[in-house]
Amino acid sequence: MSSQSTLTLATLDQAQEIGLRPEEFDKIKEILGRTPNFCELSVFGVMWSEHCSYKNSIVWLKTLPKEGPHMLVEAGEENAGLVDIGDGLACCFKIESHNHPSALEPYQGAATGVGGINRDIFTMGARPVAQLNSLRFGNIELDKTKWLVKGVTKGIGDYGNAFGIPIVGGEVFFDNCYNTNPLVNAFSAGIMKKGEMISATSSGVGNPVFIVGSRTGKDGIHGASFASKDITEDSIQDLPAVQVGDPFQEKLLLEATLELGKTDAVVGMQDMGAAGITCSSNEMSAAGKHGMDLWLEKVPTRQADMKDWEILLSESQERMLVVVHKGQEDIVNAIFDKWDLSCKEIGVVTEGDRVRYFMNGDLVGDVPCVDLVLGGGAPVYHREYSEPSYFEEWKKFNIDSIEQPTDLVEVAKYLTGHENIASKRWVYEQYDSMVGTINMSTNGPTDAAIVNLKGTDKALAMTVDCNARMVNANPEEGTAMAVAEAARNIVCSGGVPSAITNCLNFGNPYNPEVYWQFVGAIKGMSKACLKFKTPVTGGNVSFYNQSSVGGTEVPVFPTPTIGMLGIVEDKKHITSLDFKGKSDLIYMLGTSENNISSSEYLASYHGLKESPVPNFDLDAESELQSQLTTLIRSGVIESAHDIADGGVFITLLESALVNNLGFDITTSSEIREDAFLFGEGPSRIIVSVREVKEDRFLDLLKESKIPFSLLGHVSKGDIRIDDKSFGDIEEYRKIYTNSLESKLK
Amino acid sequence: MKFGVVVFPGSNCDMDMVYVLESIMKQEVVKLWHKDTNLQNCDFIILPGGFSFGDYLRSGAIANYSPIMEKLVEHANNGGYVMGICNGFQILCESGLLPGALLHNTNHKFICKNIHLTAITKNTLVTNQYSDNAVKIPIAHGEGRYHADEETLQELITNEQILFKYSDENGNITEEANPNGSLLNIAGVCNKNRNVFGMMPHPERAADAELNNADGKILFDSILNIVLS
């Protein structure tokens with residue numbers, strides 16, 4: 001393709017080669033009133049890729065609730081959503097995937113994912129304050145998985161650590177369905193003063209357009225198109241589509257950008273992520289209802305003789321396109337000179353809606369910006385979907401088909417050391433979690449990460465959650481449960497859920513069964529977000545995630561990762577998850593059922609993957625959360641911890657480990673002991689209560705209608721269940737702390 | 001006392017240090033840009049943590065050639081106070097103001113976690129308020145393994161220049177408590193004249209009561225204790 005002369009007319013073959021469909025090629029000809037040249041075809045190809053256009057998902061995305069009392073910027077309006085957090089401050093936050101690049105080159109793929117999501121935040125004028133990430137890998141015993149885990153972790157660490165924004169939380173999950181295709185979802189949140197947002201827009205005829213930051217190279221060309229097709233054994237041919245990151249440049253760009261944001265020089269700014277200059281120039285022009293002329297030979301490049309379309313499609317990192325008020329160019333130049341960053345005027349805002357690209361005086365592309373962008377002329381498809389046969393089949397699972405093991409101590413130790421449950425210390429100790437001195441969870445672990453808002457009474461709570469196994473078993477209920485779990489984590493920590501961002505990782509949308517999962521997930525997310533009053537502020541969709549398992553291509557588990565923001569209205573409400581002292585009473589809020597469906601216990605210990613989701617009731621969940629908030633604000637509980645992966649046993653263990661304590665509990669006689677200990681039914685929380693506060697605690701609970709039960713008490717260090725010794729906390733600590741590291745060797 | 005915090009391109013703990021000095025310790029503090037050559041009459045200059053110049057080439061190596069460094073060396077040689085934390089410590093070793101060097105951690109990974117330290121000499125401006133009890137302070141570095149030749153190590157011992165050693169929570173200096181392979185478990189040192197200080201752990205990350213650990217504040221209390229008395 002590199003020998004392609006850009007001015008020759010493009011062919012259907014070329015269109016298909018860059019991922020366009022024949023009918024899309026026809027539509028381009030219709031829009032232009034002529035056949036595009038190769039450069040223009042490339043521009044359409046990348047803008048109409050799944051990654052940029054959301055053409056197969058937008059119909060459903062529009063059904064998600066996006067309005068809320070605290071929303072300052074709603075989904076799709078800017079690079080990220082913006083939430084009013086009071087005290088004159090606003091928080092913008094977003095999660096994005098970098099799955100395909102990470103599958104090929106885990107280190108750079110993950111690193112540039114971190115870079116990209118942070119640019120989305122600071123291009124709006126906010127200083128990033130905290131990051132989280134959600135990672136999914138294949139079978140941990142495979143050498144390839146170990147290579148991917150090590151590369152992704154180091155990539156995230158090296159980029160985030162140098163950039164200097166703490167990673168305050170996240171999740172890591174392993175399953176065969178991610179063998180070829182890991183999921184790397186990065187979340188970032190930033191803070192700005194209300195009213196100081198920089199828009200991704202362009203206006204004012206004659207205003208100059210600048211490119212700032214790194215030079216443009218040949219990396220990442222066709223990255224957006226690459227992200228819009230299946231990952232296969234041949235994907236390694238797409239290696240040049242992977243970008244290369246430089247966190248030092250990103251740090252300088254952050255400081256220079258925020259300094260620029262304090263001046264009045266900026267009309268609009270957008271970072272360059274997918275589709276590079278093409279995307280930013282067209283999206284900004286379409287948003288501001290203007291045209292733009294760009295002179296590509298002026299773009300500072302890393303390599304000599306880059307072709308016009310290479311410059312347009314390059315996804316080189318750490319760059320921004322900035323439209324500046326005419327006459328204020330010196331301000332921009334001075335700031336970028338101070339930070340030793342490249343800053344070059346490369347174009348001008350024009351009347352109309354044409355974005356025109358020139359190379360050495362030749363017009364090489366002339367496109368109408370509105371027709372290229374989402375919400376404008378980009379294609380919108382209604383995809384067919386059909387319920388897969390497994391869905392009804394799996395509902396037939398009966399717990400009686402599984403015999404309860406005789407030795408539950410062995411099960412407890414197995415689960416404690418399972419890679420999906422054991423401490424992720426090996427991963428997170430490679431991340432700087434404390435820079436910025438805002439991480440309030442370091443010395444007081446909480447279900448959601450708590451981020452200090454210095455100088456105010458408030459804090460932010462953040463979490464990323466998705467139990468993809470549950471979503472696979474039932475996309476609608478499983479996704480509602482993921483939203484509920486995120487909200488529960490925030491409420492357990494003392495916060496109030498505020499809004500979510502989503503990262504929708506699915507297989508090929510042209511597969512009707514995959515699309516059925518997608519539609520179910522959207523429906524489940526909608527109903528849960530309405531219930532918890534947490535609008536969806538934005539996020540991204542990543543289709544075409546699949547792995548080769550046993551010779552056949554299987555889609556990854558449908559994985560709609562939920563990134564939730566909550567507000568802690570008073571830091572006194574912050575509640576950690578750890579047991580505080582011997583003889584404190586342990587209560588469970590919510591009800592346990594005789595159910596082990598879709599639990600880690602059933603899937604891994606018994607090796608049975610085919611089961612439905614446990615029963616879930618949104619109203620009961622909402623009531624539970626509201627009552628927990630009452631208990632926390634009344635000051636009657638010492639700790640709160642959501643029951644999730646591994647069930648009651650693992651939840652108790654995690655609360656006990658922090659301060660070297662143990663627990664002594666009695667299970668229910670009406671439920672199988674294994675189901676009681678390891679079942680993963682939703683809507684349950686473990687709290688601990690000091691004896692002197694028990695009466696008041698019970699009075700408050702009795703006023704509510706939520707079910708609860710006394711499990712037992714905190715002990716000095718031994719673990720006893722139904723008067724049987726399960727061992728000492730130190731034994732479990734060794735297993736919990738070290739097993740991930742030893743499995744990765 | 002007037003503090004100056006130097007900002008290199010890539011510094012990322014500068015604001016944390018300013019916050020502690022200004023909002024918690026209630027001191028006058030200014031930021032000093034690395035291209036400046038005016039120290040603005042600061043009494044105590046701090047080189048903060050981060051990745052100056054991306055830590056490319058070698059941690060701290062390029063920062064050593066910033067314009068401000070010439071003035072900083074002059075300030076130190078005239079008896080002025082200078083302290084480097086983490087990347088700042090690496091820069092001070094590169095500049096020769098402090099003995100030794102910081103090498104890659106033995107596990108070749110970046111490590112961020114709370115560790116324990118014990119003050120070895122209390123006879124300095126920055127350690128005089130520490131007791132024999134271990135304190136909990138976080139580390140966050142990839143290149144923090146303190147190294148010096150045998151002769152230098154002997155001098156550090158003889159002159160009581162070792163500020164802190166990595167220890168367990170009971171103050172025992174053990175191999176298990178050494179997170180990065182530093183010689184003699186050394187976490188921080190001062191120069192012979194006791195006016196230039198460097199340490200890898202981050203006291204400024206453990207100085208705010210809102211974060212539930214104020215063991216690092218003792219270092220700042222020590223500075224003010226001497227100055228005010």
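Every chain is numbered from 1, with letters handed out A, B, ... down the list of sequences.
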Quiz item: So, are B:K113 and A:D432 salt-bridged, with charged N and O less than 4.0 Å apart?
Solution: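 So B:K113 does not pair with A:D432 through a salt bridge.
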
Can you list everything that forms a salt bridge (charged side-chain N to carboxylate O under 4.0 Å, His left out) with [X]? Sequence neighbours excluded, please.
X: B:K31; result: B:D14
X: A:D570; result: A:K572
X: A:K154; result: A:D158

Quiz item: Are B:L211 and A:T437 close enough that some pair of their side-chain heavy atoms sits under 4.5 Å apart?
Solution: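 Contact flag for B:L211/A:T437 side chains = yes.
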
Quiz item: Looking at side-chain heavy atoms only, is the closest gap between B:E210 and A:I438 below 4.5 Å?
Solution: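 No - every pair of side-chain heavy atoms lies 4.5 Å or more apart.
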
Looking at [options], which has the largest count of heavy-atom pairs under 4.5 Å with chain B?
options: A:K571, A:M440, A:E250, A:K338; result: A:K338
options: A:G157, A:G436, A:G164; result: A:G436
options: A:D246, A:I165, A:T153, A:T442; result: A:D246

Which value, rounded to the nearest 0.5 Å, describes the distance between [X] atom [atom1] and [Y] atom [atom2]?
X: B:H141; Y: A:N161; atom1: NE2; atom2: CG; value: 12.0 Å
X: B:I111; Y: A:Y431; atom1: CD1; atom2: OH; value: 15.0 Å
X: B:K109; Y: A:W426; atom1: NZ; atom2: CH2; value: 5.0 Å

Residue pair [X] / [Y]: nearest heavy atoms and the distance that separates them:
X: B:N114; Y: A:M434; answer: N-CE, 3.9 Å
X: B:N213; Y: A:N443; answer: CB-ND2, 3.5 Å
X: B:D208; Y: A:N452; answer: OD2-ND2, 4.3 Å
X: B:G10; Y: A:L252; answer: N-CD2, 4.2 Å

Practice problem: Before giving the answer on side-chain contact (heavy atoms from CB on, under 4.5 Å), spell out for A:E255 and B:N12 the whole-Å C-alpha distance, their side-chain angles and the decisive distance to 0.1 Å. | Solution: CA-CA 11 Å; A:E255 298 301 337; B:N12 62 31; over 6 Å; no

Quiz item: Which bit of B:D55 comes within less than 4.5 Å of chain A, counting heavy atoms only: side chain, backbone, both or neither?
Solution: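 Neither part.
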
Quiz item: Where does the angle between the aromatic ring planes of A:W339 and B:W33 fall among parallel (under 30°), tilted (30 to 60°) and perpendicular (over 60°)?
Solution: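 The arrangement is perpendicular - the two ring planes meet at more than 60°.
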
Can you tell me if [atom1] on [X] sees more than 12 non-hydrogen neighbours from other groups inside 6.0 Å?
X: B:Y81; atom1: OH; value: no
X: B:E70; atom1: CD; value: no
X: B:K71; atom1: NZ; value: no
X: A:K262; atom1: NZ; value: no
X: B:K165; atom1: NZ; value: yes
X: A:K193; atom1: NZ; value: no
X: B:Y56; atom1: OH; value: yes

Practice problem: Report the C-alpha separation of A:F248 and B:F51 in whole Å, then their side-chain angles, then the decisive distance to 0.1 Å, and conclude whether the side-chain contact (heavy atoms from CB on, under 4.5 Å) test is met. | Solution: CA-CA 8 Å; A:F248 175 55; B:F51 289 71; over 6 Å; no

Self-check item: Residue-level interface, residues 15-25 of chain B with chain A, non-hydrogen cut-off under 4.5 Å
Solution: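 Contacts with chain A: B:M15, B:D16, B:Y19.
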
Quiz item: Can any side-chain N or O of B:N212 pair as donor or acceptor with the backbone N or O of A:G444 at less than 3.5 Å?
Solution: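 No; judged by distance alone, with no hydrogens or angles, the pair does not exist.
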
Quiz item: Do any N or O atoms from the side chain of A:K251 and from the backbone of B:S52 form a donor-acceptor pair under 3.5 angstrom?
Solution: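 Not confirmed, A:K251 side chain does not pair with B:S52 backbone.
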
Quiz item: Between A:Q430 and B:C112, is a side-chain contact (heavy atoms from CB on, under 4.5 Å) present by the stated rule, with each step listed?
Solution: CA-CA 6 Å; A:Q430 296 186 53; B:C112 174; over 6 Å; no

Quiz item: Given a strict heavy-atom distance threshold of 4.5 Å, which part of A:I574 is in contact with chain B: side chain, backbone, both, or neither?
Solution: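 Contact with chain B involves no heavy atom of A:I574 at all.
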
